[in-house]
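The structure appears right after this line, and notes come after that.
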Amino acid sequence: MERDDFPWKLPIPSSSGNVVVEEEEGTLLKYVGGVDVSYSKELDSAAAAAAAAATAACGCGSLVVLDVTTPTLQVVYQDFFLLTNFDVPYIPSFLAFREAPILLQLLQKMKNTDNPFYPQLLLVDGNGLLHPRGFGLACHLGVLANIPTIGIGKNAMRSTKGSCKPIYISVGHRVSLNTAIKIVKMICKYRVPEPIRQADIRSRDHLQKNSCGNGGTLQ
DNA sequence: GCGACAG
DNA sequence: ATCTTGTCGC
């Protein structure tokens with residue numbers, strides 16, 4: 001679980017700062033996925049009329065895949081999973097029980113259709129081994145989907161305010177911490193690694209355009 | 001009661 | 001996570 005357990009090689013940053021793409025097709029890390037779930041606080045109109053105290057929400061899970069051998073980290077795949085009347089609560093330290101089922105479906109949909117962009121590795125918006133019980137969302141998802149995962153935390157539990165705002169990288173599944181750090185460093189354009197950032201941006205955007213607030217209208 | 005609490 | 005406007009800076 002904490003060792004590298006995958007067949008591919010990392011693109012090697014050259015001394016000039018450019019990425020050297022090796023010729024061995026299929027052995028190079030190319031497709032890196034990112035997952036996230038966004039929520040809308042808006043009440044579902046039907047639920048609001050029926051139950052006064054009900055606070056059903058809308059949610060949107062997203063899965064994006066980036067080609068990390070391109071300088072721009074091109075997004076080559078995206079898919080969403082919209083949730084209506086989502087009432088699974090968020091309980092601190094139990095994030096996986098809320099989000100793993102959603103994200104797992106997005107991954108299985110790709111796998112079931114033999115999608116050529118199926119990610120070789122997945123970055124997860126949430127921690128891996130860095131968790132009170134040592135098994136965060138990134139671990140759950142990695143095991144369930146049997147895919148190498150890296151956990152990305154943006155708030156450390158019980159941390160103090162630092163002068164800068166770091167991110168927290170932790171092992172999810174089938175990747176060592178050293179490798180996880182190397183990979184994250186090569187796919188960051190901004191503070192948050194690009195696969196996570198794109199998953200975040202796109203899920204929020206998709207939710208806004210397709211959420212309960214629009215009466216469920218699409219397009 | 002107070003502080004902490006991934007997203 | 002979400003509720004929220006403008007604003008300062010590269």
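Every heavy atom of this structure was used, including side-chain atoms; hydrogens, water molecules and symmetry mates were not.
Protein atom OH of Tyr190(A) is 16 Å distant from nucleotide atom P of dC10(C), rounded to whole Å. One can place CZ of Phe86(A) at 16 Å from P of dG7(B), the figure rounded to the nearest angstrom. Between the CG atom of Leu129(A) and the C1' atom of dA6(B) there is a distance of 14 Å, rounded to whole Å. Rounded to an integer number of Å, the gap from Leu83(A) CG to dG7(B) P is 19 Å. Atom OH of Tyr168(A) and atom P of dG7(B) are 10 Å apart (whole Å). Taking atom CD of Glu99(A) as the reference point, atom P of dT2(C) lies 10 Å away to the nearest angstrom. If you take CG of Asp125(A) and P of dG7(B), they are 7 Å apart, rounded to a whole angstrom. In this structure, Asp36(A) places its CG atom 10 Å from P of dG7(B), rounding to the nearest Å.
Listed candidates were dA6(B), dG7(B), dT2(C). Nearest to the side chain of Asn155(A) is dG7(B).
By the 30° and 60° cut-offs, the orientation of the rings of Trp8(A) relative to Phe6(A) is parallel. Relative orientation of the Tyr31(A) and Phe117(A) rings is perpendicular, given thresholds of 30° and 60° on the angle between their planes. Note: Phe80(A) and His206(A) have parallel aromatic rings, judged against thresholds of 30 and 60 degrees for the angle between ring planes.
For the pair Arg174(A) (side chain) and Asn146(A) (backbone), a donor-acceptor distance under 3.5 Å is present.
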- [ ] Convert the base pairs of DNA chain B into dot-bracket notation, remembering that pairs crossing earlier ones are written with [ ] and that bases paired across to another strand are shown as |; include only Watson-Crick or G-U pairs under 3.5 Å.
- [x] .......
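Summarising the geometry of Gly128(A) relative to Cys139(A), their closest heavy-atom pair is C-SG, 3.4 Å, with the distance given to 0.1 Å.
Here Tyr90(A) lies in heavy-atom contact (under 4.0 Å) with a base. Base contact: Leu137(A) has a heavy atom under 4.0 Å from a base atom. Backbone-only contact: Arg204(A) has heavy atoms under 4.0 Å from sugar-phosphate atoms and none from a base.
Tyr190(A) belongs to no multi-residue hydrophobic cluster, having no ILVMFWY side-chain contact under 4.5 Å with any other such residue.
No side-chain heavy atom of Leu83(A) sits under 4.5 Å from any side-chain heavy atom of Val88(A).
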